[in-house]
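Note on naming: letters A, B, ... go to the chains in the order of the sequence lines (proteins, then strands), and numbering restarts at 1 for each one. Given the structure is predicted, the values throughout are model-derived calculations rather than measurements. Side chains included, hydrogens not; waters and symmetry mates left out as well; all remaining heavy atoms used.
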Amino acid sequence: MVKGLKSAFTMKNQEIADIFSTIADILEIQNENQFKVNAYRKAARALTDLNVDIEQLQQQDQLSSIPGVGKAIAKKIDQYLNTGKIQKYEELISEFPKGLLELLKIQNLGPKTIALAAKKLNVQNLDDLLVVIENGSLSKLPGMGEKKVQKIKAGVDYYLSSRGNILISQALTVAEEIVRHLAETSNPEDISIAGSIRRMKETVHDIDILVASKQPKSCIKNFVDFKGVREVIAAGETKASIRRTDGSQVDLRVVSPENFAAALLYFTGSKAHNVKLRSLAKNKSLKINEYGVFKNDRKIATDSEEDIYRKLGLSWIAPELREDRGEVELAEENRLPVLINREDILGDLHVHSNYSDGHHSIESMAESAAAMGYQYIAICDHSKSANYANGLSAEKLEQQIKEIDSLNQRFDNFKILKGAEVDILPDGALDFPDNLLQQLDIIVASIHSAFNQNPTERILTAMNNSYVDIIGHPTGRLINQRQGYDVDLAKVVEKAQQKGIALELNAHPLRLDLNDVDAKMAKDSGIKIAINTDAHATKDLNFIEFGIGVARRAWLEKNDVLNCQTCQKILNNKRKKQDTQNEMLEK
DNA sequence: GCCGTTTTCGGCCCGACTGTTTTCAGTCG
């Protein structure tokens, strides 16, 4: 087993994390001590982020070494691992209406109101809630009123319509449009996208924009009056929130220019990262908030994020790392990874052309890639069984090879690699014979059909083929649309390590597959990741931005990424790999 | 419920906005 790798057995970690998370939800609605609630939340998060098998820690009597896990919680973990149950959880859940937990996900509706509605109106689930909203009884409760109920209703509508997840690509488009609008109309001294978009999360709940201005009122006005606003949720002196016609929520915060850096840090989050910074500040007798770092109520210089981190004894932490996954501790020791940048990417190893289901010619794709400063591109069209995608016959592929050979004579300092995205068939065989594969530079092997037929075994079988360089979109998920196939990534990574095969980080914003957590584990095991766009048109080559975002969230450095290598190096390594495997076969 | 070089008890991040109040509770980020 590859060391430090998450796999099927760490499912237990997540099962226990989910239980603690539910305990926290129930206790919160029951108005239990908020710090106790937080303790369970923290433990749940720690277990989710844990990279080792919890049973292993149990056997070594090391459960309490997990930060946030003390005696009581360690005992509960122990109980779960020994009996499959946690008594406290069983007791709580047996007498608690399960439908109430879902209500916590509704905006503007928190634990206090849920508890009130449950107690006074016997609300037990979402349906009950809708009834008491409609019949007016909710608004008559003490502390409630018409407007509050309207807000809760809006929260329910939002929850039911979208579940609140917007793809990073969509969110970024909206955010950039609003930033441009405010830049043109409001004369800001500074402006930035903040929040989870700046951290490049794969999906975001809302869009955060921060402005530095001496005229906050006019900024707010220009913001709420902009086109596409369906509803103004809030609009105060320095802060406003809108809902747009596309359903997205946008929050604007306006600060004075001298507070911009502190505010940017604050509104970039994540919440967990911020909490960590605040408690760190407190330990140093400092206070940090969105206005700066303070010592005895006196602001100490905070002109930039770098400066603020420095005042806390930390090196600057890239936004993509700010999730409280150990980045603060490393920043204290000045040992943060040197994250991969756009400039480090030398080529794209998985793009399509109009030979299969792409929209543009090989030549156009190559010219666009060259214009982006790339040194190479691999044309990897679909193989013959991919009928839905106009997969190539053997004859068509040979024709493509000739075209690429001829095109390559026209380019200086740029190379078109001959490749294919070969289907992994239900029996694990590849969709092209070896005599075709051996003519190609890059083979991406992917599953595109029969998702529920032993995906792990099929991928492992395909990896036995020495021509395979990359496993394409390894889990097959489509964000917000389709769960991935049930693949045991630990086994795939282990095999990739043995065979010198890379896993893809597919940069298409609907895929982002591997995700950040899986890519980090792959990195930790020492295998290479290929950040590919899977572009079906020239403009799709820009998806690389999202792939790099996820890669940075996964702590990836230049050395971890296959397409940070020159194409000469990639091809040399491929040759060496094949020679070694042939020698082994001969023996 | 967790934690500790202010250490076994008393803390636990902090501020804006809204709506319902008439000084504050709830929610959010």
Inset, instruction - Compute whether any side-chain donor of one residue and acceptor of the other, for A/D53 and A/Q58, lie under 3.5 angstrom apart. - result: no
Inset, instruction - May I ask you to check whether A/H273 and A/E327 show a side-chain donor-acceptor distance below 3.5 Å? - result: yes
Inset, instruction - Name the nucleic acid region contacted by A/V69, choosing base, sugar-phosphate or nothing; use a 4.0 angstrom heavy-atom cut-off, strictly under. - result: sugar-phosphate
Legend entry - Pairwise 5' ranking along DNA chain B for A/G70 and A/L286, keeping only the more 5' one: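 The residue mapped nearer the 5' terminus is A/G70.
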Legend entry - hbond_proxy A/Y266 side chain to B/dG29 base (donor-acceptor, 3.5 Å cutoff): yes
Inset, instruction - Return the nearest nucleotide to the side chain of A/K151; candidates are B/dG15, B/dT18, B/dG1. - result: B/dT18
Legend entry - Pair A/Y291-A/E258, side-chain donor/acceptor within less than 3.5 Å: no
Inset, instruction - Verify whether one side chain among A/Q34 and A/E28 offers a donor that lies under 3.5 Å from an acceptor in the other. - result: yes
Inset, instruction - For A/A43, answer base if it contacts any base atom (sugar-phosphate contacts may also be present), sugar-phosphate if it contacts only those atoms, and nothing otherwise; contact means non-hydrogen atoms under 4.0 Å. - result: nothing
Inset, instruction - Examine B/dC28: is either OP1 or OP2 under 4.0 Å from a nitrogen or oxygen in the side chain of A/K271? Give yes or no. - result: no
Inset, instruction - Scan A/P142 against the nucleic acid and name what it touches under 4.0 Å (heavy atoms): base, sugar-phosphate only, or nothing. - result: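 Counting heavy atoms under 4.0 Å across all strands, no contact is made by A/P142.
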Inset, instruction - Determine the Euclidean distance between corresponding P atoms of B/dT6 and B/dC2; express it in Å to zero decimal places. - result: 23 Å
Legend entry - Atom P, compared across B/dC3 and B/dT8: separation rounded to whole Å: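 Their P atoms lie roughly 16 Å apart.
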Legend entry - Spacing of A/K147 atom NZ relative to B/dT27 atom P, expressed in whole Å: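 For the pair A/K147 NZ and B/dT27 P, the rounded distance is 18 Å.
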Inset, instruction - Measure from the side-chain heavy atoms of A/K282 and tell me the nearest of B/dG26, B/dG1, B/dC12. - result: B/dC12
Inset, instruction - Pick base, sugar-phosphate or nothing for A/L116, based on heavy-atom distances below 4.0 Å to the nucleic acid. - result: nothing
Inset, instruction - Sticking with atom P, work out how far B/dT27 lies from B/dT20, rounded to a whole angstrom. - result: 13 Å
Inset, instruction - For A/D206 and B/dC28, give me the distance from atom CG to atom P, rounded to whole Å. - result: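 Going from CG in A/D206 over to P in B/dC28 covers 11 Å.
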Inset, instruction - Starting from C1' on B/dG26, measure out to CD1 on A/I114 and report it in whole angstrom. - result: 12 Å
Legend entry - Atom-pair distance (CG on A/N38; P on B/dC14), nearest Å: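 For the pair A/N38 CG and B/dC14 P, the rounded distance is 13 Å.
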Legend entry - Nearest-nucleotide pick for A/D251, side chain only, options being B/dT27, B/dG1, B/dG29: B/dG29
Legend entry - Mate of B/dT8 where both pairing distances stay under 3.5 Å, Watson-Crick or G-U: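 Partner of B/dT8: none found under 3.5 Å.
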Legend entry - Distance in angstrom units between A/I209 CD1 and B/dG29 P, rounded: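 The answer, rounded to whole Å, is 15 Å.
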Inset, instruction - By nearest nucleotide on DNA chain B, pick out whichever of A/L104 and A/A240 is the more 5' one. - result: A/A240
Legend entry - Side chain of A/K112 (C-beta onward), nearest among B/dG15, B/dT27, B/dG29: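 When the side chain of A/K112 is considered, B/dT27 is the closest of B/dG15, B/dT27, B/dG29.
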Inset, instruction - Under 4.0 Å between any heavy atoms, over every strand shown, what does A/L109 touch: base, sugar-phosphate, or nothing? Just pick one. - result: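 Here A/L109 touches the backbone only, sparing every base.
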Inset, instruction - Write down the distance between NZ (A/K276) and C1' (B/dC12), rounded to a whole number of angstrom. - result: 14 Å
Inset, instruction - Tell me whether the OP1 or OP2 atom of B/dG29 has a side-chain N or O from A/Q107 closer than 4.0 Å. - result: yes
Inset, instruction - Go through B/dG26, B/dC17, B/dA16 for me and flag the one nearest to the A/A234 side chain. - result: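 Nearest nucleotide to the side chain: B/dC17.
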Inset, instruction - Describe the nucleic acid contact of A/K42 in one word from base, sugar-phosphate, nothing, applying a heavy-atom distance below 4.0 Å. - result: nothing
Legend entry - Criterion salt bridge (Lys or Arg N to Asp or Glu O under 4.0 Å) against A/E305, the qualifying member of A/K311, A/R310, A/R322: A/R322
Legend entry - Nearest-neighbour nucleotide for the A/K88 side chain, B/dG19, B/dG1, B/dA16 considered: B/dG1
Inset, instruction - Could you tell me whether the phosphate oxygens of B/dG15, OP1 or OP2, come under 4.0 Å of any side-chain nitrogen or oxygen in A/K287? - result: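 For A/K287, the contact criterion (side-chain N or O under 4.0 Å from OP1 or OP2 of B/dG15) is met.
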Legend entry - Nearest-angstrom distance from the residue atom NZ of A/K148 to C1' of B/dC24: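 In whole Å, B/dC24 C1' and A/K148 NZ are 10 Å from each other.
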Legend entry - Among B/dA16, B/dG1, B/dT20, the one nearest A/A72 by side-chain distance: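 Selected nucleotide: B/dG1.
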Legend entry - Salt-bridge criterion met for A/E189 and A/K214 (N-O under 4.0 Å): yes
Inset, instruction - Scan A/K76 against the nucleic acid and name what it touches under 4.0 Å (heavy atoms): base, sugar-phosphate only, or nothing. - result: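 Sugar-phosphate, backbone atoms only, no base.
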Inset, instruction - Would you mind reading off the distance between A/E32 atom CD and B/dG1 atom P, rounded to a whole angstrom? - result: 8 Å
Inset, instruction - Classify the ring geometry between A/F226 and A/H181 as parallel (under 30°), tilted (30 to 60°) or perpendicular (over 60°). - result: parallel
Inset, instruction - State which of B/dG1, B/dG29, B/dC14 makes the closest approach to the side chain of A/Y40. - result: B/dG1
Inset, instruction - Write down the distance separating the C1' atoms in B/dC17 and B/dG11, rounded off to the nearest Å. - result: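 Here B/dC17 and B/dG11 have their C1' atoms 28 Å from each other.
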Legend entry - Separation between the P atoms of B/dA16 and B/dT21, rounded to whole Å: 24 Å
Legend entry - Sugar-phosphate, base or nothing in reach of A/E290, heavy atoms under 4.0 Å: sugar-phosphate
Inset, instruction - Give A/N33 one of three labels, base, sugar-phosphate or nothing, depending on what nucleic acid heavy atoms sit under 4.0 Å from its own. - result: base
Legend entry - Electrostatic pair A/E557:A/K523 at N-O distance under 4.0 angstrom: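 Counted as a salt bridge, because a side-chain N and a carboxylate O are separated by less than 4.0 Å.
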Inset, instruction - Please state whether the phosphate of B/dA16, meaning OP1 or OP2, lies under 4.0 angstrom from any side-chain nitrogen or oxygen of A/S241. - result: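 Checking B/dA16 against A/S241, no side-chain N or O comes under 4.0 Å of OP1 or OP2.
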